[in-house]
Structure formats: structure tokens, C-alpha cells
Amino acid sequence: MLLAIVLIMLPILLSVLLQKRFECMLAPFICGLILVCYGLAMFQGLGWLTWLLLAAVAATALALLLKALRGQGKAILRSLVSNVLTPGFCCFVLLSVLFYFASRSHYVMAFDDLNYWAIEVRSIFAHNGLVDAVHHLAPNFMLYTPGMQLFQWVGMAAVGEWSEPTLYVMLWTFQAAFLLPFTRFLTWKKAYWMPAFLGFILGVPTMLIAKVYPFLHVDTALGILTGYAFCQAWLLRKPGPDSPFTWVCFILSLCALVLVKQMGTVWALMALTLLLFVSAPQRKGAKPAWIILAIVLPAIVLGSWTVFCQAKGLSGMHVSRTSIHIKDM
């Protein structure tokens with residue numbers, strides 16, 4: 001229960017502190033959450049996640065308190081109203097309620113889900129992290145990157161028990177979170193557009209794969225995350241006051257792409273190509289440090305997974321399949 005509370009509080013507090021709308025804050029928050037879980041899971045230390053997030057909540061709340069003591073209390077209230085109490089936040093709440101009730105009848109039955117997508121989450125839940133080859137439950141898929149499964153574990157840890165419907169809630173929430181930034185164009189004066197935006201968020205996944213909601217495969221989520229990374233790269237073509245936040249979103253999305261699935265590395269490279277050769281922020285005064293981070297950090301994430309697999313003796317058949325896909329592309 002404590003983890004569920006801090007998961008709700010932290011993105012809200014960050015939105016108020018950084019003065020960014022909740023619907024824009026949620027996606028990078030999820031990417032960062034996956035990266036933190038990944039680091040902890042490598043050492044079977046996922047039990048520390050609650051305390052790390054609690055510390056982050058305390059630090060963010062302290063920063064807001066200090067601002068209030070400096071006479072910025074009204075500014076904090078304005079930020080709360082304008083960045084959290086938005087139609088986008090309302091859309092997210094409605095989607096969360098819908099996902100919860102819609103998932104109650106969903107249980108793992110598909111062959112691929114039983115072979116990997118669900119059983120890997122079960123393994124992480126049982127061992128509090130990633131395991132070696134001896135304890136792995138999916139021998140053919142040991143090298144699959146565990147980004148989505150770690151995010152689904154967060155849902156299990158939040159409810160405090162193993163729950164198959166929660167697998168679907170977390171997957172659907174992931175997909176919705178990276179489409180939610182479109183609702184930043186909504187204002188309360190145009191709140192009558194909310195049903196259209198809700199239909200858009202629910203409908204886009206079905207445009208990528210028609211039967212997306214009954215299954216746990218991550219291809220649709222990977223496609224939506226790729227689109228999000230491309231959008232961030234495109235936004236960086238014009239420098240502005242929001243550029244630092246956009247850079248953070250872009251870099252975190254690249255790291256998440258690497259972790260969600262192996263082919264995500266290819267899409268991350270495509271997003272980098274779009275950034276460097278189309279948006280070309282380096283020609284418009286962007287700090288080289290941002291570009292270096294966008295290249296180095298995803299490479300570090302990918303390299304760490306490679307080292308982890310070698311250290312734990314993990315092997316699988318995905319490497320040859322990925323090379324075939326790259327050749328076809």
C-alpha cells in the first residue's frame with residue numbers, strides 16, 4: 001500500500017515542483033521508474049524500491065516546503081491547479097478506473113504469454129529481481145530485456161500480491177501514458193473534447209495490433225514508445241524554454257526502448273538519426289552534453305544488460321531473430 005501511495009504522489013509533486021503538466025510528466029516518470037527497477041533487479045534488490053521512492057517524495061516535498069517558506073506559496077498553488085488539476089489528469093484517472101474494471105476478467109491463457117511475458121514477471125516477483133540461467137523459467141528467452149516485466153512487477157508490488165489482471169492493467173497503463181501528452185492541448189473550456197481524446201488513447205493501440213488488449217506481448221507498447229521518442233526528437237528541432245525537459249524525456253525514452261525489447265535498440269538508433277540529421281539541434285545552439293548523453297546513456301543500458309547476461313550465463317534464441325529482422329529492414 002505504501003508503494004502505491006508514493007507512486008501516486010511522486011509524479012504529482014514533480015509536476016508541481018517543475019511546473020510541468022501531469023500528462024507530460026507521467027511518461028518520463030515511467031521511463032525513470034523502469035531504469036531504477038532495472039538497476040535494483042540486477043542485484044535482486046527490488047525490495048528497496050519503496051524506500052527509494054519514499055526518499056524521492058520526501059526530497060520533493062521538502063523542496064516545495066522551502067519554496068513556500070520563501071513566500072512562493074501562491075505560486076505552488078497555481079502550479080498545482082494549472083499542472084495537476086487538468087483535463088489530462090482527469091483522463092488518466094478515468095482510464096485507470098476503466099483499466100481496473102476491464103482487467104478483472106483477464107487471465108493469462110495465450111501461449112506466448114505463458115511461455116514468457118507473464119512467467120517472467122512471476123519470476124521477478126518470486127525472486128525480487130532477475131535470476132541466473134539455473135533459475136530462469138523461460139530458457140529460450142533468457143536474453144529478452146525485462147523493461148516491461150519490471151514495470152508490471154511494480155503493479156504487483158503496489159497491490160501486495162500476485163494478480164494476473166494487474167499484468168494487463170500495467171501494460172495498458174504504459175501504453176496510455178505515452179499517448180497522454182496529447183491531452184496537454186485540452187483546457188477546461190474545451191473539456192467536451194475529453195471523450196474524443198479518451199477514444200484516441202484507447203484506439204491507437206488497436207490500430208497497431210487489432211487484438212492488443214487480450215494479450216501481454218509488448219510490440220504495441222514498443223511502437224507507442226517509439227512514436228513518443230520520435231515526437232520528442234522532432235520537438236527538439238526548435239530550441240525553447242522547455243528544451244531541457246524535452247531532452248530528458250527523449251533520453252529516458254531511448255533508455256526505455258532498449259529495455260522494453262531487443263528491437264527497441266534499432267528504433268532508438270532511428271530516433272537518434274531523426275534527432276541528429278533532421279531536427280539537428282546541434283546546429284541551433286544545443287549543448288553538446290545533451291547529445292552526448294542521448295548517445296551514451298542508452299549504450300550504457302544496453303551494455304549493462306549484455307554484461308549481466310554474460311555474468312549470469314543467460315542465453316537464448318533472440319539474437320539470431322533480431323539479426324534477421326535488421327537484415328530485412
Side-chain angles (χ1 to χ4, degrees), residues 7 26-46 49 52-53 112-113 116-125 127-131 136-138 141-158 166-179 205 208 212 215-229 232 248-271 294 297-309 312 314 316 318-319 322:
L7 283 171
L26 186 61
F29 173 76
I30 288 177
C31 292
L33 180 64
I34 289 174
L35 287 172
V36 172
C37 288
Y38 170 65
L40 294 173
M42 294 176 75
F43 305 98
Q44 295 190 345
L46 283 171
L49 179 66
L52 288 177
L53 293 180
D112 286 348
D113 296 347
Y116 179 72
W117 302 116
I119 202 171
E120 178 64 11
V121 187
R122 182 76 178 188
S123 173
I124 294 171
F125 185 75
H127 296 280
N128 227 24
L130 302 170
V131 297
H136 209 286
L137 299 178
F141 307 98
M142 293 182 185
L143 297 180
Y144 269 40
T145 47
M148 181 60 70
Q149 290 71 44
L150 289 169
F151 183 63
Q152 289 169 314
W153 171 87
V154 172
M156 301 295 171
T166 302
L167 292 171
Y168 296 90
V169 171
M170 297 304 287
L171 177 60
W172 300 342
T173 300
F174 183 95
Q175 294 170 174
F178 290 91
L179 294 169
L208 298 176
V212 61
F215 303 106
L216 292 173
H217 52 71
V218 301
D219 301 278
T220 301
L222 182 68
I224 293 172
L225 177 57
T226 300
Y228 176 84
Q232 301 308 306
V248 171
C249 293
F250 178 67
I251 294 170
L252 288 175
S253 67
L254 295 184
C255 295
L257 276 171
V258 171
L259 283 177
V260 168
K261 199 175 183 182
Q262 289 75 18
M263 281 300 296
T265 301
V266 178
W267 295 119
L269 288 173
M270 290 186 176
L297 290 184
I300 290 175
V301 173
L302 179 61
S304 66
W305 177 246
T306 303
V307 171
F308 178 81
C309 290
K312 296 295 185 179
L314 302 179
H318 84 278
V319 174
T322 302

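Bear in mind the structure is a predicted one, so any value in this text is a computation, not a measurement. For the numbers below, each heavy atom of this structure counts, side chains included, while hydrogens, waters and symmetry mates do not.
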Could you report the tightest heavy-atom contact between [X] and [Y], atom names first, then the distance?
| X | Y | answer |
| --- | --- | --- |
| Leu7 | Ala158 | CD1-CB, 4.3 Å |
| Leu46 | Leu150 | CD1-CD2, 4.2 Å |
| Ser123 | Leu137 | CB-CD1, 3.9 Å |
| Leu179 | Pro205 | CD1-CD, 4.2 Å |
| Phe43 | Gly39 | CD1-O, 3.3 Å |
| Pro28 | Leu252 | O-CD1, 3.5 Å |

Sequence-distant partners of Trp117, ring-ring contact (aromatic ring centres under 6.0 Å, His included), two or more places apart: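 Per chain and number, Trp117 pairs via ring-ring contact (aromatic ring centres under 6.0 Å, His included) with Tyr144.
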Phe151: which residues meet the ring-ring contact (aromatic ring centres under 6.0 Å, His included) condition with it, sequence neighbours left out?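 Expected list: Phe174.
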Between [atom1] on residue [X] and [atom2] on residue [Y], distance to nearest 0.5 Å:
| X | Y | atom1 | atom2 | result |
| --- | --- | --- | --- | --- |
| Phe178 | Thr226 | CZ | OG1 | 10.5 Å |
| Leu143 | Phe308 | CG | CZ | 11.0 Å |
| Leu254 | Met270 | CG | CE | 13.5 Å |
| Leu257 | Leu302 | CG | CG | 12.0 Å |
| Thr306 | Leu314 | OG1 | CG | 11.0 Å |
| Met170 | Leu216 | CE | CG | 12.5 Å |

Side chains of [X] and [Y]: closer than 4.5 Å at any heavy-atom pair?
| X | Y | value |
| --- | --- | --- |
| Met148 | Leu171 | yes |
| Leu52 | Leu40 | yes |
| Val212 | Gln175 | yes |
| Met156 | Leu167 | yes |

Phe141 and Ile119: CA distance, side-chain angles, deciding distance, side-chain contact (heavy atoms from CB on, under 4.5 Å) verdict: CA-CA 11 Å; Phe141 307 98; Ile119 202 171; over 6 Å; no
Could I get the full list of side-chain hydrogen bond (donor to acceptor under 3.5 Å, both in side chains) partners for Tyr38, not counting sequence neighbours?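 Checked Tyr38 against side-chain hydrogen bond (donor to acceptor under 3.5 Å, both in side chains); matches are Ser304.
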Please name all residues satisfying side-chain hydrogen bond (donor to acceptor under 3.5 Å, both in side chains) with Thr145, sequence neighbours left out, ordered by chain then number.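 Once residues adjacent in sequence are excluded, Thr145 has no partner under the side-chain hydrogen bond (donor to acceptor under 3.5 Å, both in side chains) criterion.
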Backbone N or O of [Y] within a donor-acceptor pair of the [X] side chain at under 3.5 Å?
| X | Y | value |
| --- | --- | --- |
| Trp305 | Pro146 | no |
| Gln44 | Leu130 | yes |
| His127 | Gly129 | no |

Describe, in one word, how the ring planes of Trp172 and Tyr168 are oriented to each other, choosing from parallel (under 30°), tilted (30 to 60°) and perpendicular (over 60°).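 It falls in the tilted class, 30° to 60°.
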Could you work out, with salt bridge (charged side-chain N to carboxylate O under 4.0 Å, His left out) as the rule, every residue matching Asp219, not counting sequence neighbours?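 Expected list: Lys261.
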Qualifying salt bridge (charged side-chain N to carboxylate O under 4.0 Å, His left out) pairs with a residue from residues 29-39, counting only residues at least two apart or across chains: none
